[in-house]
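Sequence positions, counted from 1, serve as the residue numbers for this chain.
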Amino acid sequence: MSLDKTRRQMIHQCHDKVNSHLSTKTFIILFSLAVFLASCNQQSKNDNPESKDATNVMMSQMDLTPPNPKILPQNLEAHGDVRVDNYYWMKLSDEQKMAAVPDSQTQEVLDYLNAENAYREKVMADLKPLEESLYKEIVARIKQDDSSVPYFLNGYWYVTKFEEGKEYAIRSRKKGSLDAADELLLDENALAKGHSYYATAGRNISPNNQILAYGEDTLSRRKYNIKFIDLSTGKYLTDVIPNTTGGIVWANDNKTVFYTQKDAALRSYKIFRHELGTSVAKDVEVFHEKDETFSTFVFKSKSKKYIIIGSSTTVSNEYLYVDADKPTSTFTIFQPRVRDLEYSINHINGKWYIRTNKDGAQNFKVMTAEEGATGMANWKDFGKQDPEILVEGIELFDKYMVVSERVKGITQLKVQAWAGGEPHYVNFGEDAFTAYASVNPEASSETLRIEFTSMTTPSTTYDYNMSTKKLEMKKQEEVLGGFDKNNYQSERVYVKARDGKEVPLSIVYKKGFKKDGSQPVLLYGYGSYGYSTDPSFNSENLSLLDRGFAFAIAHIRGGEDLGRPWYYDGKLLKKKNTFYDFIDCGDFLVNKKYTSKDGLFAMGGSAGGLLTGAVVNLRPDLWKGVIVAVPFVDVVTTMLDESIPLTTGEFDEWGNPKQKEYYDYMKSYSPYDNIEKKDYPALFVTTGYHDSQVQYWEPAKYVAKLRAYKTNNNPLLLYCNMEVGHGGASGRFERYKETAMEFAFILDLAGIAK
């Protein structure tokens, strides 16, 4: 995995405050939904989503009494401005949450969250059969006894398997040949027993193939304990390293490892060196990131020659390196941090390769540096770069470099041989798709492993011979239940936003979809951190697509879909462009009769939850219903609280509200601060009690305040999973129970009974 891809994953996981390409799908959260039931023409008027007086199950239950949390006004003052927060008391510390016996405040919070969960269950009680049916339908499409395409590393083929009925992965390897016997590395099903949440990370094997290191999280707070297994005996070493990001980097001596530690706010802030067999208390601190706006990480160069420490914030980076054969030596700074200079590095064939925005390259370019002369003054351009094309990342091999580019919003892979000649692009035979370099650990390989998908094409793994230009499909996700991609159609249109910018809109639906305003559409958006929401396939979507929904992705500003300037135009003091783009896409779908206001739904999660929270304040009339997932809705209060994870590192994304200009601007769009007495659409809000990225109290307070202000009887429901964090349930199937719940909510509002 290239460094640039690793950094994109970090950004998304770090508060997304989606479907990540590599996910992650933690996030994120692209619960892709989509299109209306064309076959339900024979249903009654009450099942017709176009009928203004249509009834639904939830509306019939709204005579139930919702929770009524206490009001305890708290004055929050900054810059002479006073905000009154009636529900500030819902915020608990980690110590309160983890205490064996809850104190009175903790008990009040737990009582409120449990009351909201009970209320949701009562309101949706009659939808339980639909939920269960949807869950079974979604899971039935998944091939339960499945395995990944093996990849080769240092003499072994590595594979991940899933067995029927089991929630977690079984990880193994084969020595030398795919015909060799399986060697079990980790059976996560066995490890997960007794835990309501379980996740591993890292999974790094020593250069001599003898020791496996991996991170383990059993709480969903992104705090991993690193453990070590002697693979020759299957026994655990005594070394256990707590409070880490989950991964380690091996030096070449097979006994020295480097790892990242977190501070109280879960910021990655220190790098330590540990020697196997010694006490963790004796570990050596090799780097301390004292600037609270930066986070640090560690990795190994593609050449395996260097251990590299990186430190990053939104607008600048810094790297240090040490010879992997001499891990106790002092690290050397590659290029000191300079504000607004962004760069990332890797190493192959005795040279450094740098992706950077140096010299005003807003969309980045590739540069090189000699091993002994790494400072910025010594960097040289590598070839010519079109300034309109975004360079997203680089993958290095002994004979080739692969550049991940974004051309007019579409991802492309450009292959360049070191021996010279013209570079070429991998040809997939489609116009709109998502493609990225996947697991490519061997620098000597002439084969590029690629992942490919589109809105109608399931995830597909290719091997591409960079010499012969032959593209070989190794595997395509098998979708059970008679799925045929030819039954579905996607399109990409451009919406003229209110300021004249053209916003891409990707849409998928089942063939036969009527553009007469009679069918529903679900519009998804994210629009933050420069994270591009690419068109991709998700089999769970079929449960809505087959019922007639269209699913649309708004490629709004704040993402990087149209290059780095697209991101700059949707952050800091231009953040409202993100919301306006989304609203304009919604209006487009109504005006072009893809749907009507009575059939338009919206969804966003995390920073996309900020998006949905903002647009329901700005245009509550536009949406029939909205899924507001793990939402970042209390922007001002959170960004003023530097004890909360991710706050300081995001000042360059949202602004620092300690400065009045940013305070005033944030306050003008913060969903929680802009709730008013007016009619709101139906809302389904989700959170996790152990969420460290968007703390549970943000959505909890948001729902409580909405209840006090909303002037209609549309459903307002909060679902708090008391056992998980930001990414939801950890099991392979368990997560779809929440998906089924959300689908049932939307289908009921659309008047679709089954």
Could you walk me through whether Phe632 and Trp654 pass the ring-ring contact (aromatic ring centres under 6.0 Å, His included) check?
CA-CA 12 Å; Phe632 175 40; Trp654 313 104; 5.3 Å; yes
Trace of the side-chain contact (heavy atoms from CB on, under 4.5 Å) decision for Ile627 with Thr612
CA-CA 8 Å; Ile627 303 292; Thr612 49; over 6 Å; no
Quick one, Thr456 with Gln489, criterion side-chain contact (heavy atoms from CB on, under 4.5 Å). Give me CA distance, side-chain angles, the key distance, then yes/no.
CA-CA 7 Å; Thr456 58; Gln489 182 173 332; 5.8 Å; no
Hey, mind stepping through Lys136 and Glu131 against salt bridge (charged side-chain N to carboxylate O under 4.0 Å, His left out) and telling me if it holds?
CA-CA 9 Å; Lys136 291 177 182 178; Glu131 278 186 47; over 6 Å; no
Could you check Tyr663 against Asp81 for side chain to side chain donor-acceptor pair (under 3.5 Å), going step by step and ending with a plain yes or no?
CA-CA 10 Å; Tyr663 174 89; Asp81 178 61; 2.5 Å; yes
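At a threshold of 4.0 Å, the pair Lys91-Asp641 counts as salt-bridged, since one of the basic side-chain nitrogens sits closer than that to a carboxylate oxygen. Under 4.0 Å is where a charged nitrogen must lie from a carboxylate oxygen, and between Asp584 and Arg498 at least one such pair does. A salt bridge links Arg557 with Asp499: the distance from a Lys NZ or Arg NE/NH1/NH2 to an Asp or Glu carboxylate oxygen falls below 4.0 Å. Salt bridge status for Arg619 with Asp587: present, with a side-chain N to carboxylate O gap under 4.0 Å. Between Glu137 and Arg141 there is a salt bridge, since a side-chain N of the basic residue sits under 4.0 Å from a carboxylate O of the acidic one. A salt bridge does not link Asp126 to Lys128: none of the charged nitrogens lies less than 4.0 Å from a carboxylate oxygen. A salt bridge links Glu734 with Lys737: the closest approach of a Lys/Arg side-chain nitrogen to an acidic carboxylate oxygen falls below 4.0 angstrom.
A donor-acceptor contact closer than 3.5 angstrom is absent between the side chains of Glu108 and Tyr112. Counting only N and O atoms by type, the side chains of Asn712 and Lys710 include a donor and acceptor under 3.5 Å apart. Ser518 and Asp516 are linked by a side-chain donor-acceptor pair at a separation below 3.5 angstrom, with hydrogens and angles left out of the test. Neither side chain, Asn75 nor Tyr88, offers a donor N or O lying under 3.5 Å from an acceptor on the other. Looking only at atom types and distance, the side chain of Glu491 has a donor-acceptor partner in the side chain of Tyr509 under 3.5 Å away. Under 3.5 Å, the side chains of Glu650 and Thr314 contain no donor-acceptor pair of N or O atoms. Between Glu653 and Tyr567, the side chains place a donor N or O and an acceptor N or O closer than 3.5 Å (distance only, hydrogens not considered). A donor atom on one side chain and an acceptor atom on the other are not found under 3.5 Å apart for Ser670 and Lys667. In summary, the side chains of Ser506 and His555 do present a donor paired with an acceptor at a separation below 3.5 Å, with no hydrogens or angles considered. Checking Asp111 against Gln107 by side-chain atom types alone, a donor-acceptor pair falls below 3.5 Å. Side-chain atoms of Tyr669 and Asn617 form no donor-acceptor pair, as typed in the model, at a separation below 3.5 Å.
The two atoms that bring Asp673 and Lys705 nearest to each other are CA-NZ, 4.1 Å, heavy atoms only. The two residues Phe684 and Glu742 come nearest to each other via the heavy atoms CE2-CG, 4.0 Å.
For the salt bridge (charged side-chain N to carboxylate O under 4.0 Å, His left out) with Asp569, the lone residue among Lys575, Lys576, Lys574 that qualifies is Lys574.
Within the 4.5 Å cutoff, no side-chain heavy atoms of Leu76 are placed close to those of Val82. Using a 4.5 Å heavy-atom cutoff, the side chains of Phe745 and Leu717 are in contact. At least one side-chain heavy atom of Met58 sits under 4.5 Å from a side-chain heavy atom of Leu127. You'll find the side chain of Leu110 reaches within 4.5 Å of the side chain of Tyr689, heavy atoms only. Between Ile556 and Tyr580 the shortest side-chain heavy-atom distance does not fall below 4.5 Å. Looking at heavy atoms from C-beta onward, Leu523 lies out of side-chain contact with Met603 at the 4.5 angstrom threshold.
Not one N or O on the side chain of Thr434 forms a donor-acceptor pair closer than 3.5 Å with the backbone of Ser454. Listed for the Ser532 side chain is no donor-acceptor partner under 3.5 Å among the backbone atoms of Gly559. One N or O on the side chain of His79 and one on the backbone of Pro657 form a donor-acceptor pair closer than 3.5 Å. Judged by distance alone, with hydrogens and angles left aside, the side-chain atoms of Gln96 form a donor-acceptor pair with the main-chain N or O of Ser93 at under 3.5 Å.
More than 12 heavy-atom neighbours from other residues, nucleotides or ligands sit within 6.0 angstrom of NZ on Lys97.
Aromatic ring centres of Tyr135 and Tyr736 lie farther apart than the 6.0 Å criterion allows. Aromatic pair Tyr672/Trp697: centroids not less than 6.0 angstrom apart.
Taking the centre and axis of the six-membered ring of Tyr488, the NZ or CZ atom of Lys511 falls outside the cone set by 45° and 6.0 Å.
Ring-plane geometry between Tyr531 and Tyr526 is classed as perpendicular, the angle between the planes exceeding 60 degrees on a 0 to 90 degree scale with a lower cut at 30.
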